[in-house]
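Down below is the structure, laid out as structure tokens.
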Amino acid sequence: MSHSIEDALVSNLAAWLDANRPDGLPTTIPIHVANRDELRGRPCVVLDATDAKRVSGLPDSARVKLDIHLFTQIDDTSASNHADMVAVLHEMLKAKPSIKQDLNSDTFILHDLIIRECSTTRDETRGRESIITYEAIVSAV
């Protein structure tokens with residue numbers, strides 16, 4: 001499977017999240033597409049798509065594991081503020097009809113976003129990381 005379907009998903013969704021962010025996700029928090037070589041400050045949101053598997057019967061379509069990471073620092077962001085931002089991201093992604101209306105085009109179709117799991121952990125750099133995992137069904141050419 002080409003990386004283009006994964007790239008299309010994360011770049012389109014990152015742009016949508018940035019353009020439609022509510023008050024609970026400040027504009028000072030950048031939204032990035034995952035790039036292993038990139039250095040990022042905290043707080044930030046990072047979208048990463050992996051494990052694309054073809055969907056039989058739908059040309060140029062795949063089921064893609066989509067991880068949305070929220071990184072914060074313990075010194076800058078309280079646990080409750082971190083949890084609030086995770087909830088905001090989750091609520092934003094429940095707006096599937098709006099996302100589809102804004103993103104679907106002749107070259108990209110988001111068929112569905114299915115929530116799979118969510119976790120929050122502390123990391124070794126005095127920070128927190130929450131990961132919201134979705135399964136995205138996408139067509140892209």
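Quick note: residue numbers are just sequence positions, from 1. Quantities reported herein were computed from a predicted structural model and do not represent experimental measurements.
Atom NE2 of residue His82 and atom OG of residue Ser130 lie 2.5 Å apart, to the nearest 0.5 angstrom. A distance of 10.0 Å separates NE2 of His32 from CG of Asp18, quoted to the nearest 0.5 Å. Between atom CD1 of residue Ile137 and atom CG of residue Leu58 there is a gap of 10.0 Å, rounded to the nearest 0.5 Å. Atom-to-atom distance recorded for Leu103:CG and Phe108:CZ is 5.5 Å, nearest 0.5 angstrom. Note that the SG atom of Cys44 and the CG atom of Leu70 stand 8.0 Å from one another [nearest 0.5 Å]. The structure places OG1 of Thr50 at 5.0 Å from NZ of Lys65, a figure rounded to the nearest 0.5 Å.
Between the side chain of Asn20 and the backbone N or O of Trp16 there is at least one donor-acceptor pair closer than 3.5 Å. Ser80 places no side-chain N or O within 3.5 Å of a backbone atom of Ser78 that could act as its donor or acceptor partner. Lys100 places a side-chain N or O within donor-acceptor distance of the main-chain N or O of His111, the cut-off being under 3.5 Å. With Asn81 contributing its side chain and Thr77 its backbone, the two residues share no donor-acceptor pair below 3.5 Å. The main-chain N or O of Pro26 is found under 3.5 Å from a side-chain atom of Arg21 such that the two form a donor-acceptor pair.
Among all heavy-atom pairs drawn from Ala136 and Leu9, the shortest one is CB-CD2, 3.7 Å. Of all heavy-atom pairs between Pro43 and Thr72, the closest is CB-CG2, 3.9 Å. When all heavy atoms are compared, the tightest approach of Gly24 to Met85 is O-CG, 3.5 Å.
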_Trace of the salt bridge (Lys or Arg N to Asp or Glu O under 4.0 Å) decision for Arg42 with Asp76_ = CA-CA 9 Å; Arg42 292 179 185 226; Asp76 301 337; over 6 Å; no
*Trace of the side-chain contact (heavy atoms from CB on, under 4.5 Å) decision for Glu135 with Val64*: CA-CA 6 Å; Glu135 181 176 30; Val64 181; over 6 Å; no
*Run the side-chain contact (heavy atoms from CB on, under 4.5 Å) check on Ile99 and Leu93 step by step: do they pass?*
CA-CA 8 Å; Ile99 297 170; Leu93 292 165; 4.0 Å; yes
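Between Arg126 and Asp75 there is a salt bridge, since a side-chain N of the basic residue sits under 4.0 Å from a carboxylate O of the acidic one. Under 4.0 Å is where a charged nitrogen must lie from a carboxylate oxygen, and between Lys53 and Asp51 no such pair does.
Looking only at side-chain heavy atoms (C-beta outward), Leu17 and Leu47 come within less than 4.5 Å of each other. Between Ile68 and Asp48, every side-chain heavy-atom pair lies at or beyond the 4.5 Å cut-off. The side-chain heavy atoms of Ile5 and Asp60, taken from C-beta on, include no pair separated by under 4.5 Å. Side chains of Thr133 and Leu66 form no contact here, defined as non-hydrogen atoms less than 4.5 Å apart.
Under the 4.5 Å side-chain heavy-atom criterion for Ile, Leu, Val, Met, Phe, Trp and Tyr, Val86 and Ile115 are members of the same hydrophobic cluster. Under the 4.5 Å side-chain heavy-atom criterion for ILVMFWY residues, no single connected hydrophobic cluster contains both Ile131 and Val88. Cluster membership check: Leu110 shares its hydrophobic cluster with Met92, using side-chain heavy-atom separations under 4.5 Å among Ile, Leu, Val, Met, Phe, Trp and Tyr. Linking ILVMFWY residues whenever their side-chain heavy atoms come closer than 4.5 Å, directly or via other members, places Ile31 and Val33 in the same cluster. Clustering ILVMFWY residues whenever any of their side-chain heavy atoms sit less than 4.5 angstrom apart, transitively, puts Tyr134 in a cluster other than the one holding Phe71.
Within the hydrophobic cluster formed by Ile, Leu, Val, Met, Phe, Trp and Tyr side chains joined at under 4.5 Å, directly or through other members, Ile74 stands alone, with no partner residue.
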